[in-house]
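In what follows, a structure is listed as structure tokens, so that the remarks can point back to it.
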Protein chains: 2
Amino acid sequence: MEVTGHMPNQDAPRSRSASIWDVARVAGVSQQTVSRVINGKARVSEETRVKVLQVIEEMGYRPNKLARALAGGPVRSVTVLTSDTSLYGAAATLRGMEEAARTAGFSVGISVLEPGSGQRDVAERLNRPGEAVMVIAFDAAGVRALGALPPDVPVAAAVERRPDIETKNPWQVWLDDRAAAAHATRYLLSLGHPTVHYLAIPSSTSELPQRTQGWMDALRAAERPVPEPLHGGWSPRSGYLAVRDLVADPSVTAILCGNDDLALGVMRAAREAGRDIPGDLSVVGFDDSPPAAYLNPSLTTVRLDFQGLGRACFNLLHRRLDPHTAPAVPAWSEPELIVRESSGPAPRSTG
Amino acid sequence: MEVTGHMPNQDAPRSRSASIWDVARVAGVSQQTVSRVINGKARVSEETRVKVLQVIEEMGYRPNKLARALAGGPVRSVTVLTSDTSLYGAAATLRGMEEAARTAGFSVGISVLEPGSGQRDVAERLNRPGEAVMVIAFDAAGVRALGALPPDVPVAAAVERRPDIETKNPWQVWLDDRAAAAHATRYLLSLGHPTVHYLAIPSSTSELPQRTQGWMDALRAAERPVPEPLHGGWSPRSGYLAVRDLVADPSVTAILCGNDDLALGVMRAAREAGRDIPGDLSVVGFDDSPPAAYLNPSLTTVRLDFQGLGRACFNLLHRRLDPHTAPAVPAWSEPELIVRESSGPAPRSTG
DNA sequence: GTGAAAGCGCTAACAG
DNA sequence: CTGTTAGCGCTTTCAC
């Protein structure tokens, strides 16, 4: 009997875990037949199938995904690129992506983007050329990663803003928070506030962020003065620091914040300045994160369907990967203003 | 010239991305030499090295990690198994692991555990037998995953409790929150509270959790009554629901909570019951999450060094993988009680 | 139905 | 220093 190069591992089983060859040998069939049983595609006689399955069970055999992918097998795995797993928006989006992907039988890995990661780093994260990727591009690092991705990788992204018409990229999803910001601003104006101040989260691009834009839209439409927007980070602390001066000014009666964490910091700063919420100052957030309803006062905020967005993003990718079998991309909820205790009528003495 | 089976890809470059063979062909060297240049280990003449590097740059060649791993190359990648990326403890631990791993040149992937995932699912997540893994086992899903891992995988875990002496597993790290819970409880007793109630987070094992244990330790040592602990989930909402009845009882003057989110819900429930914090009721949390200092009132809580724990966990794994080159495992900070506004002296009328 | 062959892209062990 | 060979474990062809 001639032992060719294509029949490795024929000798005593070393301490390496069982391969498809080991199973084949024990089951008394060819390696290919085992492969057929595993993948269930091709037809195998019932008798053989049962026998092979039994041996697989006995030996505790698990297929090696690396080898399968290398050999050009169907892959069904996605990598999510995101820069901060602890921020509510990103975490909720991730959760939606993860659920949808797992439901569709995809395994999902996450790779965390560092603030300073460049092009090279991003390419480095892919296990193989052509690996499917989703990007959470709510911040600069995410947008940069999206841009740095090699052209051949199938990608879908959750982005902060609608892509420009000209460079329209069909593989992106976003929330219409421009309209939502305008809505929240109009709501505050309707309460009698002369104008509304805005504390922004860091923007993902050099252009004006959607939320800032929507806030401006509403102010201009109502012919109100447009104060200079303030710039915060993502944390309560950054919100606190950003508005310490602003909240001391009694003519400031309404502040819209780029997220709920900033709003928390703003409320703290306001209290320390001796201002009552909502009596002297109304504060509105963005996200409707889990704590929002339990804060003191509970926070009026714009609810954003990040999880639905994440699900939709995966479905988009799925359709891109196999256009025929993937289900239609589901809709996600529109942003919605949730009115709670932190906002109220403008104080009498205003003006 | 004979073309053997070991020289594939010799013909016209198809639309597949460049392989090591393509680079070798263009650079006029053997495929192995290219491999040597890439890995930098073996010695290559400066001239050849430069030439190869140049061709790599020109062709935009990127090594295929799958193939490298399959061929038994050095791997330098870790997979983190965790069940909830949005909870502060897990997220902060993850961050620590991620930073330490990337610093050491490891690429890190994350795989999210579903609450119901069983043994099979866990094995399924590994790309290859023997892949390095870290587990964040603060909850039941994490502990189950840790137990379900095949014995041959190199693993280090961040766990909720010190392993039993008998089954001592050296590849685990944990925070001493038993002592911290006892400390927080003693602090409340020292303020004159007759006893302290405890609202627990879900436990990761069937045994008594460390925090619960520490709370009991302190109460018993002070010969105080030990109330039945309440059981919450992880969210503010679950804390709110769990204590709605309890906070209505004026004899309850101090509640220790398993995390800051629960404490938030408790404070809300207390306010709605008309009780002042800290005047009528003191509330203490666990974690010192970013919002804690900005809540109203700001939250007295136990600061836990999750990030340091995550870093230490990676170093443990690193030492396990290559005992000679890995740096020593760094220490992480001890838990520390941070006193803020939510706790104060027991009300006069107590008793 | 089943088996044998060829190769995915790379590293490791040997040659020279 | 460099080239050749033999795999890693699997999925494709293609034969029978």
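Below, chain A is the first sequence line, B the second, and so on; all start at residue 1. Below, each value reflects all heavy atoms present in this structure, side chains not excepted, and no hydrogens, waters or symmetry copies.
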Taking the side chain of [X] as heavy atoms from C-beta outward, which of [options] is closest to it?
X	options	answer
A:A71	C:dG7, D:dC8, D:dT2	C:dG7
B:R68	D:dT4, C:dC10, C:dC8	C:dC10
A:Q31	D:dT2, D:dG3, C:dA5	C:dA5
A:L70	C:dG9, D:dG3, C:dT2	C:dG9
B:Y61	C:dA5, C:dC10, C:dT2	C:dC10

At what distance, to the nearest 0.5 angstrom, does CZ of B:R144 lie from OG1 of B:T205?
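Going from CZ on B:R144 over to OG1 on B:T205, the span is 12.5 Å.
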Below 4.0 angstrom from OP1 or OP2 of [N], is there any side-chain N or O of [X]?
X	N	result
A:S35	D:dT11	yes
A:T33	C:dG3	yes
B:N64	C:dC8	no
A:T48	C:dT2	yes

Between [N] ([atom2]) and [X] ([atom1]): distance, integer Å:
X	N	atom1	atom2	result
A:R25	D:dG9	CZ	P	12 Å
A:K65	D:dG9	NZ	C1'	15 Å
B:N39	C:dG9	CG	P	17 Å
A:K41	C:dG1	NZ	P	16 Å
B:N127	D:dG9	CG	C1'	14 Å
B:I20	D:dG3	CD1	C1'	13 Å
A:Q32	C:dG7	CD	C1'	14 Å
A:W21	C:dA6	CH2	C1'	12 Å

Evaluate the ring planes of A:F106 and A:H318, with Trp represented by its six-membered ring, and classify them as parallel (under 30°), tilted (30 to 60°) or perpendicular (over 60°).
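Correct class here is perpendicular.
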Pairwise side-chain contact, B:I38 with B:Y61, heavy-atom cut-off 4.5 Å (strictly under)
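Heavy-atom side-chain distance check passes, below 4.5 Å.
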Pairwise 5' ranking along DNA chain D for B:A67 and A:G72, keeping only the more 5' one
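Closest to the 5' end, via its nearest nucleotide, is B:A67.
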Output yes when A:R49 and A:E46 qualify as a salt bridge under the 4.0 Å nitrogen-oxygen rule, no when they do not.
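Looking at A:E46 together with A:R49, the answer is yes, because their closest N to O distance falls below 4.0 Å.
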Taking any heavy-atom pair under 4.0 Å as a contact, classify B:R36: base, sugar-phosphate, or nothing.
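Since a base atom lies under 4.0 Å of B:R36, the category is base.
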Determine whether a donor-acceptor pair (N or O, by modelled atom type, separation under 3.5 Å) exists between the side chain of A:N39 and the backbone of A:K41.
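It does not hold such a pair.
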